[in-house]
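Below is one structure, written out as structure tokens; the observations come after it.
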Amino acid sequence: MTAQATLPRHAGAAAAEAPLLSVRDLTLHIPVPPHVLRAVDGVSFDLRRGETLGLVGESGSGKTLTALTLMRLLEPPLDHLPRGQVVLDGQDLMLLTETRMSALRGHAISMVFQEPMTSLNPVMTVGRQIAEPLMRHLGLPTRAAMARAEEMLRLVGIPDPARVLRAYPHLLSGGMRQRAMIAIALACRPLVLVADEPTTALDVTVQAQILELLTELQREMGSAILLITHDLAVIAETAHRVAVMYAGRIVEEAPVAELFADPRHPYARGLLASIPRIERMPPATLPEIPGMVPGPAERPIGCAFMPRCARAISGCAAEPPPLAEVAPGHRVACWNPVHG
Amino acid sequence: MVEPLLRVTGLEVHFPIRSALLRRRTGTVRAVDGVTLEVARGETLAIVGESGCGKTTTGKSILRLIEPTGGSIRFDGEEITHHSARQLSPFRRRMQIVFQDPYASLNPRMSVGGILAAPFEIHRIGDAKDRADRVAELLRTVGLPPEAARRYPHEFSGGQRQRIGIARALALRPELVIGDEPVSALDVSIQAQIINLMKRLQAELGLAYIMISHNLAVVSHVADRVAVMYLGRVVETAPREALFFEARHPYTQALLSAVPEPVPGRRRARHVPQGDVPSPSRPPSGCHFHPRCPHAMPRCAEEAPASRIIAPGHAVACHLVTP
């Protein structure tokens with residue numbers, strides 16, 4: 001096999017700057033006797049300053065495990081399984097001791113989770129939870145950290161920040177908790193924010209507010225965002241580039257407009273076609289992708305999408321296709337991609 | 001005028017709030033607060049709204065899984081609001097429900113065949129052989145192989161489990177099926193399969209659906225008519241196209257403008273209301289939406305607007321909207 005999963009090195013405004021976060025061949029193979037679950041299977045991508053990369057996939061695609069792996073948040077016994085490189089601002093996170101890593105987490109790179117209630121500390125005031133990383137990472141004295149915490153709450157659009165500062169998480173509504181969570185994650189102005197389904201648990205009117213907030217804060221702080229979601233509409237409105245995951249691998253990556261206009265991977269194409277859209281004359285039936293995501297035991301040796309794919313050819317069963325560039329910045333892992 | 005299959009008038013479900021210590025009644029949650037709806041045979045009415053708007057409670061109280069505290073439910077011309085369990089039994093066959101979470105709503109210790117045969121056993125229909133035939137027929141109807149009968153729910157994926165949930169709902173040949181977020185827990189590619197299945201079954205069996213959902217894009221593909229709820233009340237009801245393209249209630253407009261569009265670069269001008277949905281235990285006075293409404297007038301805080309018909313089948317409860 002000659003095609004390599006190399007990343008574009010073309011000249012251009014985006015490529016001129018070295019990536020802030022560079023993930024190479026990230027792998028998490030979990031032994032589930034008698035099988036091995038290839039949960040994350042050679043994932044590579046770059047994230048640049050001020051950029052939002054949407055990582056989209058259905059349940060079991062490995063998108064959340066990719067995030068937890070690169071954040072070094074896997075719990076034992078999974079924590080020693082990942083392989084690959086996660087280079088943030090010149091240093092490989094995978095090689096750091098846990099002490100060094102926890103000095104970076106919440107400081108240089110931080111994460112927002114889907115369910116703020118389970119990730120906020122229920123017995124610590126909201127203010128204290130925002131101030132804590134400021135004191136720990138930036139060495140701010142308590143008073144200054146609390147003042148900054150109040151400022152953060154105002155920044156994320158929480159009304160009456162002085163009151164919320166002293167409140168416990170359970171007193172806040174779902175939307176307010178997610179805002180508080182974002183305030184904690186952004187308090188130290190991280191280089192990279194990993195947001196895992198940050199709006200999935202929220203109502204649609206609140207979701208719209210939170211997505212707008214993330215975009216605004218990004219403009220202000222210049223952070224890069226890795227936005228993980230199953231919702232392609234959220235990606236369309238928020239991300240600059242998209243990587244589509246299927247069965248542990250990135251199957252297609254492209255600038256957002258290009259991926260939506262010209263998806264080359266049959267899975268990406270099928271996924272986009274199957275989203276219901278609000279239109280005057282909806283089709284009588286929605287395009288479906290037949291079958292379902294294969295379980296760990298059923299995953300083929302070759303392309304994992306082959307059993308569901310209408311474009312499968314004889315070579316698909318033999319070997320998984322590499323992620324190869326089909327246009328500048330547009331990579332596809334398919335032996336028989338759709339031609340645009 | 002033809003009597004609709006279902007006519008719900010002024011439905012109320014009020015839950016008491018009791019103090020922790022003395023169990024004294026300290027307040028009331030008006031989960032459903034005067035809901036009026038109609039469903040004709042063979043049509044799909046969607047009930048949409050955000051969490052806490054009362055859409056699920058409305059659905060469950062129509063089936064009397066939650067007892068209404070007021071109003072009237074008429075099914076096929078018969079008032080069933082106060083029917084005893086025995087009187088209700090024949091109606092229970094004709095109205096069924098499909099739940100959001102196919103993981104939680106199927107008994108893990110029963111085989112799929114057992115789950116699907118249970119409705120026949122409860123209603124004493126057929127003998128063992130006859131029931132087995134019916135189970136096989138149900139599985140075929142929802143696109144599962146007959147061998148599925150011998151397997152258990154955990155052996156199936158989410159989409160397949162939802163097919164089992166639908167098969168169970170169809171066992172007694174109901175006329176009305178209430179779907180409570182039936183595709184919300186499913187992945188997009190599977191969601192399309194289930195939506196298509198439900199539409200096909202409707203066409204084949206002449207079913208009426210009440211589709212309860214927070215997902216407006218899904219609703220736009222299945223509904224003939226849509227009712228929008230906010231804090232226990234219906235604020236707007238309209239035929240599908242009018243609701244999505246000529247919505248008149250400021251809340252409906254806000255809800256629609258908040259829906260993200262799967263089209264890059266076409267971010268619409270947003271009229272998203274600020275703040276969260278208030279708690280249904282302390283709803284705002286007058287029109288419940290007034291604190292978040294960009295067009296609120298003093299009157300909106302004082303007086304709840306009555307629902308007014310502005311076009312055939314299109315009713316709006318808003319002081320701003322006049323026919």
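Reminder, nothing fancy here: chain letters follow the sequence lines and each chain counts from 1.
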Minimum heavy-atom separation for [X] to [Y], with atom names?
X: Thr205(A); Y: Ala254(B); value: CG2-O, 4.5 Å
X: Glu50(B); Y: Val204(A); value: OE2-N, 3.6 Å
X: Asn196(B); Y: Glu288(A); value: ND2-OE2, 2.9 Å
X: Gln207(A); Y: Pro260(B); value: NE2-CG, 3.2 Å
X: Pro276(A); Y: Ala217(B); value: O-CB, 3.3 Å

For this session: Apply the test side-chain contact (heavy atoms from CB on, under 4.5 Å) to residues Arg277(A) and Glu261(B): give CA-CA distance (whole Å), side-chain angles for both, the deciding distance (0.1 Å), then the verdict.
Result: CA-CA 8 Å; Arg277(A) 297 157 198 259; Glu261(B) 268 196 283; over 6 Å; no
For this session: Could you tell me whether the side chain of Lys199(B) and the main chain of Thr285(A) form a donor-acceptor pair under 3.5 Å?
Result: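 Absent.
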For chain A, which candidate among [options] shows the most heavy-atom pairs at distances under 4.5 Å?
options: Ser51(B), Gly158(B), Gly49(B); value: Ser51(B)
options: Ala192(B), Gly52(B), Ser157(B), Gly159(B); value: Ala192(B)
options: Glu241(B), Gln193(B), Arg292(B); value: Gln193(B)

Pairwise distance [atom1]([X]) to [atom2]([Y]) - rounded to 0.5 angstrom:
X: Leu243(B); Y: Ile278(A); atom1: CG; atom2: CD1; value: 9.5 Å
X: Ile289(A); Y: Gln191(B); atom1: CD1; atom2: CD; value: 11.5 Å
X: Met292(A); Y: Leu186(B); atom1: CE; atom2: CG; value: 12.5 Å

Problem set entry | Options Ala233(A), Pro159(A), Gly175(A), Ala257(A), ranked by heavy-atom pairs under 4.5 Å with chain B, top entry |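 Heavy-atom pairs under 4.5 Å are most numerous for Ala233(A).
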For this session: Count the heavy-atom pairs under 4.5 Å between each of Glu279(A), Arg280(A), Gln209(A), His230(A) and chain B, then report the option with the highest count.
Result: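 With the most close heavy-atom pairs to chain B, the winner is Arg280(A).
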Exercise. Is chain A contacted by the side chain of Ile195(B), its backbone, both, or neither, given a heavy-atom distance below 4.5 Å?
Worked result: side chain
For this session: Under 4.5 Å heavy-atom distance to chain A, tell me which part of Arg240(B) shows up: side chain, backbone, both or neither.
Result: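 The answer is the side chain of Arg240(B).
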Exercise. Between Ala261(A) and chain B, which part of the residue has a heavy atom less than 4.5 Å away: side chain, backbone, both or neither?
Worked result: neither
Problem set entry | Side chain, backbone, both or neither of Pro283(A) within contact of chain B (heavy atoms, under 4.5 Å) | both
Problem set entry | Residues that Arg311(A) engages under salt bridge (Lys or Arg N to Asp or Glu O under 4.0 Å), provided they are two or more places apart |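 For Arg311(A) there are no salt bridge (Lys or Arg N to Asp or Glu O under 4.0 Å) partners, ignoring immediate neighbours.
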